[in-house]
Amino acid sequence: MYGAPPLTRLAPLALLLIAGFVLPLLLPQYFLYLGNFLMMFAVLALGLDLLLGWAGQFAFAHIAFFGIGTYATALLNVRLGVPFVVGMPLAAMLAGLIGLAIGFPATRLRTVYLALATFAFAEAAQWVFNSWDKVTGGPDGLRIAAPNILGYRVGTDPTAFPVMAVILALVIAATMYLTTSKFGRAMCAIRESEHVASASGIDVRSTKAWAFAISAVYAGIAGGMYTLFQSFVNPDVFGFQQIVLLLSMIVVGGLGSIPGALIGVALLGLLPEVMRTTMRGLLIWQELVYGLILIGAVMFMPRGIWGFIAGRKGSR
Amino acid sequence: MSPLLLQGVASGIVTGCVYALIALSLVIVYKSSDVINFAGGEMVMLGGYLGMFALLWLGLPYLLIFPFGALMIFIVGALFDRVVLTRVVGRAIPGQSILVAMIIGTVGLSYVLKGAVRVIPYTEEVRRLPPFSSGAPIFVGPVVLQHQDIAIVVAAVAIMAALWAFFSFTLVGKALRATSQNPRAAALVGIPVRVMSMTAWGLAAALAGVAGILLAPKLLITPDMGVIVILALAAAIIGGFVSLPGCVAGGIVLGVVQNLIGLYVSSRAISLAPFLVIMIVLLLRPQGLFAGKAAAKKV
């Protein structure tokens with residue numbers, strides 16, 4: 001499907017917005033916290049999926065841009081008094097610029113080499129968050145001041161929830177336009193074959209670098225979202241575990257599709273919570289179960305859960 | 001050269017030898033199935049635990065825990081290839097890269113191994129193996145060497161020599177190399193390609209496991225000790241990621257560089273060294289420091 005998405009496809013977003021404003025009145029705080037957490041991860045996963053699922057670039061640096069977005073938004077607010085509505089876009093742009101700067105050299109590399117270079121970048125970024133303690137607070141972490149959005153005070157789960165829902169709806173809409181645009185088709189062409197893509201007149205290098213930058217902007221936005229409902233950040237939030245979790249989410253959900261990414265986020269994001277509440281005594285088995293789910297997903301559902309569902313619908 | 005510098009270089013060589021063994025394991029997997037084995041570190045960890053288990057529970061003599069651990073982990077690696085990866089490759093969707101699925105598979109294996117070790121109650125307590133051989137340290141000029149360090153270097157060199165002989169002279173070793181260069185041609189001349197892939201995974205796993213047993217007296221054995229794989233990745237990249245001798249050189253270079261950074265820059269910068277090395281080498285010389293020209297990718 002190419003061109004602007006029809007309005008009917010945007011209908012679920014209206015539901016998301018309604019839920020964003022109604023649910024804080026109905027649900028207890030714990031569920032709202034989970035909801036906020038999942039919405040933040042949804043933005044992260046959609047951004048990583050652009051790069052991995054659509055453009056086919058195997059990059060691990062996503063979590064570093066998430067960290068840059070979080071620290072930049074928080075520091076702009078705490079140190080310089082920049083309000084959230086200005087600070088978050090600035091932070092997302094900063095993440096995007098760094099992404100572009102990394103993207104041009106990094107996307108010269110392919111497959112495993114790209115994965116390793118970006119993995120090293122992510123680890124180095126975490127080292128910087130840990131060691132630059134004058135600015136980031138180092139391992140002790142940084143307190144985040146409750147953001148103020150045009151007079152509306154955020155900072156708790158119920159107050160952040162509607163704002164998170166609005167941001168997520170905008171990001172999903174942007175992803176729909178992006179993936180059906182000419183740029184989106186260029187990314188798909190590169191994923192299928194770089195040679196064919198460049199023979200059809202697509203500038204492979206700059207498309208890859210821009211995909212890298214846009215994906216970094218998504219991560220930066222998610223970083224801003226983090227400051228909406230959390231009051232504290234430390235470098236552990238941006239560890240290797242998180243990028244593995246994100247990768248697993250989009251692979252289990254289904255690469256290269258918006259519903260797939262969202263399903264993966266909901267499933268793997270809620271799994272630890274479900275295990276914590278239903279199998280309290282078996283918490284120690286969590287890692288083992290998680291590993292088995294990952295292996296099972298790649299063995300039995302190569303297109304992910306969404307691909308599995310869509311495939312069945314298609315064959316009928 | 002100052003004694004401090006010499007001592008730094010000497011202990012860098014010792015740790016570098018262990019990095020090199022793990023790097024060899026990663027590169028053997030990469031050459032056989034084009035993936036980075038993110039469970040490599042957990043195979044090292046499993047080796048450490050199996051060694052401890054054999055020594056303390058089964059009461060095997062120290063020399064026998066090496067073949068015991070190697071054999072057990074060989075089975076784990078070969079089974080993973082046979083059961084999981086064969087299936088992932090077999091279900092590949094035309095046009096979509098299977099690399100991501102395979103790598104997620106290895107990540108899954110890393111969680112399974114870590115989780116499996118964690119549920120054994122025995123592992124709650126942090127332990128380390130007794131040294132392989134003890135005694136007064138040996139002085140070579142100004143450099144002090146522990147018996148354990150010498151044992152590590154000797155064992156690592158012996159394993160590397162055996163590996164070289166295996167790949168150069170034995171039929172299986174040559175078949176492995178042929179399969180890595182061109183699986184289709186290898187299948188045409190009658191090499192059982194699938195068995196070769198299992199062998200490569202088993203061999204790689206066994207190498208990582210033995211490295212784990214060698215490390216166990218120096219490091220604490222914990223379910224999370226697999227993070228050491230990052231250093232092995234850096235070592236493999238310095239060596240170009242496709243060359244076995246490059247791995248050995250890369251491991252030793254990394255070990256020495258780390259120690260010198262610790263001596264002359266700061267101990268905090270040690271943990272940054274492998275990542276900087278990975279980025280710099282990949283951006284400036286993706287073929288590795290020792291290769292003459294870019295390695296041709298097999299078709």
Side-chain angles (χ1 to χ4, degrees), chain A residues 52-53 56 58 60 102 105-106 108-128 130-131 191-193 240-241 243-245 247-248 250-252 255-256 282 284-304 307 311, chain B residues 30 34-36 38-39 42 80 83-88 90-93 95-119 121 124 223 227 230 233-234 236-237 241 268-269 271-272 274-284 286 297:
Chain A
L52 179 62
F58 202 5
F60 275 112
I102 305 283
R108 277 198 337 207
L109 304 165
R110 295 175 64 182
T111 60
V112 181
Y113 294 93
L114 175 64
L116 289 171
T118 49
F119 168 67
F121 173 73
E123 294 286 331
Q126 209 204 4
W127 187 88
V128 171
N130 254 316
S131 308
R191 177 187 68 199
E192 302 299 331
S193 163
F240 180 59
Q241 301 284 330
I243 189 73
V244 170
L245 177 63
L247 269 178
S248 315
I250 58 175
V251 169
V252 170
L255 283 173
L282 302 173
I284 194 170
W285 294 86
Q286 189 176 324
E287 258 174 339
L288 191 61
V289 172
Y290 185 66
L292 289 174
I293 289 177
L294 285 191
I295 291 181
V298 293
M299 277 173 77
F300 301 111
M301 286 190 286
R303 286 168 198 263
Chain B
Y30 178 69
D34 279 347
V35 294
I36 320 171
F38 273 104
E42 276 63 35
F80 177 72
V83 175
V84 179
L85 290 186
T86 312
R87 181 138 196 165
V88 172
R91 293 199 155 200
I93 302 154
Q96 191 182 320
S97 164
I98 50 166
L99 200 67
V100 176
M102 288 168 85
I103 289 185
I104 294 285
T106 70
V107 171
L109 176 67
S110 83
Y111 277 99
V112 167
L113 294 181
K114 233 191 290 185
V117 166
R118 235 189 268 280
V119 294
E124 276 168 14
V227 288
I230 290 165
L233 277 174
I237 289 172
F241 224 84
R268 223 175 175 184
S271 56
L272 185 65
F275 311 124
L276 285 184
V277 165
I278 292 178
M279 282 193 284
I280 294 169
V281 173
L282 278 180
L283 291 182
L284 300 182
K297 186 76 192 75

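Below, chains carry the letters A, B, ... as their sequence lines are ordered, and counting in each starts from 1.
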In this structure, is the centre-to-centre distance between the rings of B:Phe38 and A:Phe60 below 6.0 Å? yes
Using side-chain contact (heavy atoms from CB on, under 4.5 Å), reason through A:Leu247 and B:Val107 one step at a time and then give a plain yes or no. CA-CA 10 Å; A:Leu247 269 178; B:Val107 171; over 6 Å; no
Max heavy-atom pair count under 4.5 Å with chain A, selected residue of B:Pro274, B:Ala234, B:Gly115: B:Gly115
Can you tell which part of B:Ile230 gets under 4.5 Å to a heavy atom of chain A, answering side chain, backbone, both or neither? side chain
Examine whether an atom of B:Leu85 lies under 4.5 Å from a heavy atom of chain A, and if so say whether it belongs to the side chain, the backbone or both; otherwise answer neither. neither
What part of B:Leu113 gets closer than 4.5 Å to chain A, counting heavy atoms only: side chain, backbone, both or neither? neither
Largest heavy-atom contact set with chain B, pairs under 4.5 Å, which of A:Val298, A:Val251, A:Leu294: A:Val298
Ranked by heavy-atom pairs below 4.5 Å to chain A, first place among B:Thr86, B:Ile104, B:Ile278 goes to B:Ile104
How close do B:Met279 and A:Ala117 get, counting heavy atoms only, and between which atoms? CG-O, 3.8 Å
Engaged part of B:Leu272 at the chain A interface, taking heavy atoms whose separation is under 4.5 Å: both
Which atoms of B:Val281 approach chain A - backbone, side chain, both or neither, heavy atom under 4.5 Å: neither
Roughly how far, to the nearest 0.5 Å, is the CD1 atom of B:Ile36 from the CG atom of A:Leu116? 4.0 Å
Apply side-chain contact (heavy atoms from CB on, under 4.5 Å) to residues B:Val83 and A:Met299 and explain how you reach the verdict. CA-CA 9 Å; B:Val83 175; A:Met299 277 173 77; 4.3 Å; yes
Quick one, A:Ile295 with B:Tyr111, criterion side-chain contact (heavy atoms from CB on, under 4.5 Å). Give me CA distance, side-chain angles, the key distance, then yes/no. CA-CA 10 Å; A:Ile295 291 181; B:Tyr111 277 99; over 6 Å; no
Part of A:Ile293 lying under 4.5 Å from any heavy atom of chain B: neither
If you tally heavy-atom pairs under 4.5 Å between each of A:Ser248, A:Ser131, A:Gly56 and chain B, the highest tally belongs to A:Ser131
Less than 4.5 Å to any heavy atom of chain B: does that hold for the side chain of A:Phe119, its backbone, both, or neither? side chain
Taking the side chain as every heavy atom from C-beta outward, state whether B:Ile103 and A:Phe58 have any atom pair closer than 4.5 Å. yes
Closest-packed option against chain B by number of heavy-atom pairs under 4.5 Å, given A:Pro105, A:Ala124, A:Ala115: A:Ala124
Measure distances from A:Tyr113 to the heavy atoms of chain B and classify the residue's part below 4.5 Å as side chain, backbone, both or neither. both
